[in-house]
Amino acid sequence: ADLTASFHDHTFQTPLMNASGVYCYTTEELDNLLASKAGTLVTKSATINYRAGNPEPRYRNLALGSINSMGLPNEGLAYYLDYVLKKQADPTVPTLFLSVAGISMAEDLDMLSTIDQSDFNGLTELNLSCPNVPGKPQVAYDFEATEKMLAAAFERFHKPLGVKLPPYFDLTQFDIVAQILNQYPLAYINTINSIGNGLYIDVDSETVAIKPKGGFGGLGGAYVLPTALANVHAFRQRLNPEIAIIGTGGIENGADVFAHLLAGADLVQVGTQLMKDGPDVFTRLAAELADIMNAKGYHKLADFKGKLKTL
Ligand SMILES: O=C(O)c1[nH]c(=O)[nH]c(=O)c1Cl
């Protein structure tokens with residue numbers, strides 16, 4: 001089976017990559033991703049300046065996934081922009097993704113201007129769905145703010161741009177959000193971000209799992225797979241075909257990768273399972289996906305991508 005993934009005018013050795021926020025804070029972690037079977041990588045969502053983030057413990061692996069309230073810790077935009085600019089000079093390195101998540105629209109726009117004026121030749125991911133900055137509601141659950149943000153972004157940003165979206169749970173929300181997104185020349189959407197503000201309770205200790213926000217945090221892993229698949233498929237059915245889709249959420253094995261692709265994803269991102277297994281997870285996921293494709297007689301991703309059947 002050929003796992004080569006095409007995404008606009010880019011090709012990747014596999015459709016697999018990390019989810020922003022996982023294994024992508026430092027240049028060492030990012031280099032380890034490049035050395036793995038991941039097709040490419042995305043950097044930790046950046047703010048203009050270094051951010052310490054929320055108090056620890058702020059991430060926990062759980063039997064059925066994970067919970068996090070990191071609070072947008074990152075080294076600052078320049079650190080990640082320097083990294084991708086250096087790496088893109090190497091012809092053996094695939095096209096890279098750079099993520100930004102300002103804690104205000106002004107900060108987002110400043111960062112987009114900085115990137116636009118740079119020689120970055122990869123794709124930029126505007127994170128509209130961070131659920132863990134206390135006092136800052138997610139932009140993407142405010143449809144007016146989302147529209148304003150996209151209009152302002154495309155006024156000043158001329159490189160390929162994608163948006164990271166939170167999960168939606170109502171079909172009319174899919175209709176409304178898709179109608180907004182279809183007005184803009186987006187390269188892609190990335191769906192889903194963690195399911196915001198879950199609460200894990202440890203019965204033995206009668207305590208929450210993480211320190212920030214009284215234990216409330218974004219859920220990842222197996223908990224979120226059906227919601228992730230629904231968002232991928234709902235948007236594939238509604239978005240202009242020029243807007244590609246990155247499927248994120250709940251991938252533990254090759255079958256989950258296959259399901260995301262079947263639902264319409266062009267690339268998939270792995271967060272919780274990468275946190276649990278490290279970059280070798282991409283070797284396993286690639287092998288498991290290839291086995292499934294071979295068993296079904298599929299030779300390339302286009303043979304089944306987006307071809308989910310209904311009853
Ligand atoms: O707390 C975080 O840093 C965080 N955590 C998430 O689960 N999604 C995000 O977009 C971000 Cl920005």
Side-chain angles (χ1 to χ4, degrees), residues 17-26 29-30 41-62 64-77 79-80 97-105 107-108 111 124-142 145-146 149 161-168 188-200 208-225 227-228 231 246-251 269-276:
M17 63 188 287
N18 69 300
S20 179
V22 181
Y23 221 91
C24 59
Y25 287 85
T26 65
E29 288 177 322
L30 293 162
L41 62 76
V42 58
T43 57
K44 167 62 185 173
S45 292
T47 44
I48 288 190
N49 302 311
Y50 165 84
R51 230 178 108 85
N54 291 339
E56 296 179 331
R58 57 195 188 184
Y59 177 95
R60 288 284 299 280
N61 285 324
L62 304 168
L64 298 179
S66 67
I67 188 166
N68 93 82
S69 184
M70 308 301 283
L72 207 44
N74 72 96
E75 296 293 335
L77 177 62
Y79 180 92
Y80 301 104
F97 289 73
L98 176 67
S99 176
V100 293
I103 53 174
S104 69
M105 182 160 129
E107 183 174 10
D108 272 327
M111 289 194 284
T124 299
E125 182 162 294
L126 178 58
N127 182 353
L128 300 177
S129 46
C130 177
N132 300 322
V133 176
K136 300 298 295 178
Q138 293 195 29
V139 173
Y141 282 157
D142 176 341
T146 299
M149 181 73 239
L161 184 69
V163 288
K164 180 72 173 280
L165 298 174
Y168 297 100
Y188 72 96
I189 68 163
N190 180 349
T191 179
I192 61 172
N193 207 317
S194 54
I195 296 183
N197 295 300
L199 180 63
Y200 183 84
V208 300
I210 53 175
K211 187 177 177 90
K213 294 171 54 177
F216 285 74
L219 300 177
Y223 287 123
V224 312
L225 180 63
T227 296
N231 277 262
I246 297 181
T248 303
I251 289 175
Q269 293 187 348
V270 183
T272 299
Q273 205 59 44
L274 171 59
M275 197 70 181
K276 290 181 176 179

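This is a predicted model, so every value here is computed, not measured. Order of appearance sets the numbers: ligands from 1, and atoms from 1 within every ligand.
Between the side chains of Lys213 and Asn54, no donor N or O sits under 3.5 Å from an acceptor N or O. With no hydrogens or angles considered, a side-chain donor-acceptor pair links Thr248 and Asn190 at under 3.5 Å. With hydrogens and angles left out, the side-chain atoms of Asn18 and Ser20 include no donor and acceptor closer than 3.5 Å.
Considering both main-chain and side-chain atoms, Asn127 comes within under 3.5 Å of ligand 1 through a nitrogen or oxygen pair. In terms of polar-atom proximity, defined here as any N/O pair under 3.5 Å, Ser69 makes no such contact with ligand 1. Between Pro131 and ligand 1, no pair of N/O atoms sits closer than 3.5 Å. At a 3.5 angstrom cut-off on N or O pairs, Met70 counts as close to ligand 1.
Within the structure, ligand 1 lacks Arg58 among the residues with a heavy atom less than 4.0 angstrom away.
With respect to atom 11 (C) of ligand 1, the closest heavy atom belonging to the protein is Cys130 SG, 3.3 Å. Asn193 OD1, 2.8 Å is the protein heavy atom nearest to atom 8 (N) of ligand 1.
Of the candidates Gly71, Ser194, Gly218, the one placing a heavy atom closest to atom 7 (O) of ligand 1 is Ser194.
To the nearest 0.5 Å, the span separating CG on Leu30 from OH on Tyr23 amounts to 10.0 Å.
Applying the salt bridge (Lys or Arg N to Asp or Glu O under 4.0 Å) test to Glu107 and every residue at least two apart in sequence or in another chain returns nothing.
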- Please assess Asn74 against Ser45 for the test side chain to side chain donor-acceptor pair (under 3.5 Å), listing each intermediate value before the final yes or no. CA-CA 7 Å; Asn74 72 96; Ser45 292; over 6 Å; no
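Under 4.0 angstrom from ligand 1, there are no non-hydrogen atoms of Glu125. Contacts between Asn68 and ligand 1, counted as non-hydrogen atom pairs separated by less than 4.0 Å, involve the side chain only.
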Name each donor-acceptor pair under 3.5 Å that joins a side chain in residues 217-224 to protein atoms two or more places apart or in another chain, with its distance.
none

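Atoms of ligand 1 found under 4.0 Å from any heavy atom of Asn132 (numbered from 1 in listed order, with element): 1 (O), 2 (C), 4 (C), 5 (N), 6 (C), 7 (O). With ligand atoms numbered from 1 in the order given, ligand 1 contributes 1 (O), 2 (C), 3 (O), 12 (Cl) to contacts under 4.0 Å with heavy atoms of Leu72.
For the pair Ile192/Thr227, a side-chain contact is recorded, criterion being any heavy-atom separation below 4.5 Å from C-beta on.
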